[in-house]
Amino acid sequence: MKKLFAATMSAVMTLSLTACSSSNSSSTAASDDASKAADTSETTAEGNKTVVTLAKENDVVSMDTSYATDGMSFEIIAATVQGLETVAEDGAIIPGIAESYETSNDDTTYTFKLRDANWDNGEPVTAEDFVFAWDTTVKNPEAEYAYLFGSDGACIKGADEILGGDKEATLDVKAIDDKTLEVNLTQKVPYFLFLTTFPVFYPINEAFFKEQGDNYGLTPENLLANGPYKLTEWTSGTNLKLAKNEAYWDANAIEVDEINVNIVPEASTSALDFEAGNTDFTKLNSTLVDKYKDNEAYDTFLEGYLWYLQYNMDNEILKNANIRKGLSTVVDRVDLTENVLKDGSVALGGFVPMQFALGPDGKDYVETGTEYFTETGDEALTKAKEYWEAGLKELGKDSVTLRLLYEPADPSKPAAEFIQSQLQQLPGLTIEMVSQEKKNRIELQKQGDFDIVLTRWGPDYADPTTYLNLMITGNSYNYGNYSNKEYDKLMKEAAATSDQEKRWEMLHEAEAILMEDLPVVGIFQVGGASLVNPKVTGIEDHSAGVPYLYYNLKKAE
């Protein structure tokens with residue numbers, strides 16, 4: 001049996017892609033006023049409790065791991081439930097509920113040994129909890145992330161058949177005993193361990209789940225925790241409260257007693273709360289960056305979220321390749337990120353973000369590939385007009401009207417307004433703005449009720465396929481109904497090859513097809529400008545998977 005090292009996220013990708021076959025080691029997770037106000041923030045809210053207060057712009061959508069699809073839900077789920085593995089501050093994949101694991105020589109069988117851990121109702125966490133959770137999700141046609149169990153993700157045996165509607169198929173995941181979980185894959189998956197850190201792969205206690213029925217996950221009373229915190233209060237759209245989970249196997253390492261999460265859609269409001277000492281963390285929007293950028297509480301980082309335009313390929317106008325090329329070229333991404341957003345976001349024209357996935361050569365995927373849509377200013381406009389006018393001629397039209405769907409929140413709203421002004425530089429084009437809250441925006445995408453949508457994706461795991469798989473024919477997130485047989489073939493071959501250098505080449509080739517066909521086009525990668533109380537440490541931001549983790553959260557007195 002072969003055992004593998006835990007490593008940093010970057011090193012994990014390099015290790016997975018280049019050295020898995022030979023490794024034999026054990027796996028063992030404004031103003032100065034704002035700063036002054038934060039410094040005076042109360043360390044203790046009740047008695048001797050250490051309390052950290054966070055401001056978040058969005059509420060949790062679902063605490064059910066089968067249904068959750070958004071970053072905020074992932075964040076709170078991960079604070080309360082732990083999977084087989086988890087992610088350390090530096091991105092290392094480290095033991096969670098599984099204290100160790102082994103793999104077969106061909107890396108297609110993983111055997112996890114679970115530690116002694118309990119749910120907060122006192123019941124032990126068992127291998128069967130994982131079997132039940134995974135089986136329940138993959139067989140649920142409404143579970144959007146069920147696809148991650150199949151060939152577009154973990155490649156677990158039986159998953160593709162189940163996802164394809166075979167009612168006789170079974171997922172090849174076995175509870176050998178209470179503390180031993182065996183997972184069998186159809187092929188080697190370099191990023192499999194990272195997938196186990198993602199909420200859809202977390203355990204569910206079957207007895208408790210069935211006892212709650214349709215109420216499971218709807219309130220704190222309908223949830224179980226095996227992680228560092230448990231959800232104790234949840235007022236939809238207003239706030240959540242997390243309390244330290246004394247039943248957590250590593251509870252002695254958890255130093256914060258309570259996390260208060262206030263849902264504050266307006267960054268200006270949460271910034272004022274920060275100045276008043278009522279909030280320890282808030283993100284900033286573009287209008288606030290200049291005010292706070294010189295403050296000691298100011299911080300910025302590059303997130304894995306990619307905002308991109310998706311075109312409806314069933315739209316008669318947008319079926320035209322030159323029309324899509326004109327629309328994709330005219331947007332000055334540098335102007336958008338540097339002069340509108342100003343929050344550390346970066347211009348990006350391809351469909352894979354930077355600084356989150358390393359190839360077999362140890363280099364960033366984007367660094368070793370082609371840069372797309374780098375034109376700015378007059379150069380971009382001139383080139384875009386050539387495409388656009390050719391497209392209009394092919395369509396026999398002098399003017400067209402297209403709808404741009406977006407959500408009225410940062411950074412989507414200012415970005416969409418900028419994009420509208422850029423697109424309407426094209427002769428004869430009128431852009432009608434369709435503003436919908438995120439939930440409604442996603443629903444319209446699912447229904448195909450859009451022309452162009454400004455949407456985003458955050459990487460579920462540290463590999464380019466977390467983006468590129470979205471455009472495979474029939475993928476549930478391929479809302480624009482794009483299909484290209486050559487693209488599908490390349491992605492299938494990349495998934496099957498054991499030659500990791502060849503795999504990387506094929507992924508670059510596949511992205512090049514996308515950037516020629518343009519069912520989607522990147523606009524910018526999100527920067528996370530924020531204010532953080534200098535007394536607070538351990539708010540970990542991660543570019544792939546769960547966006548924020550709180551295992552190491554601390555607050556000085």
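For Phe351 and Tyr308, the ring centers are positioned less than 6.0 Å apart.
Legend: residues meeting ring-ring contact (aromatic ring centres under 6.0 Å, His included) with Tyr216, ordered by chain and number and at least two apart, are Phe209. Residues meeting the side-chain contact (heavy atoms from CB on, under 4.5 Å) test with Glu371, sequence neighbours left out: Thr374. Residues satisfying the side-chain contact (heavy atoms from CB on, under 4.5 Å) test with Gln355, not counting sequence neighbours, are Leu302. For Tyr548, the ring-ring contact (aromatic ring centres under 6.0 Å, His included) partners at least two apart in sequence or on another chain are Phe281. Partners of Asp116 according to the side-chain contact (heavy atoms from CB on, under 4.5 Å) rule, which considers only residues two or more places apart in sequence or in another chain, are Lys179.
Residues Asp152 and Ile472 meet the side-chain proximity criterion, which asks for heavy atoms closer than 4.5 Å. At a threshold of 4.5 Å between non-hydrogen side-chain atoms, the residues Val131 and Leu181 count as touching. Counting only heavy atoms from C-beta outward, the side chains of Asp59 and Leu240 approach each other to under 4.5 Å.
Ring planes of Phe130 and Trp134: perpendicular class, angle over 60° (limits at 30 and 60°).
Results of the side-chain contact (heavy atoms from CB on, under 4.5 Å) test with Ile97 over Val125, Val81, Thr196, Thr126 single out Val125 as the only residue that passes.
Counting only residues at least two apart or on different chains, the ring-ring contact (aromatic ring centres under 6.0 Å, His included) pairs with a member in residues 62-90 are Phe74-Tyr145, Phe74-Phe198.
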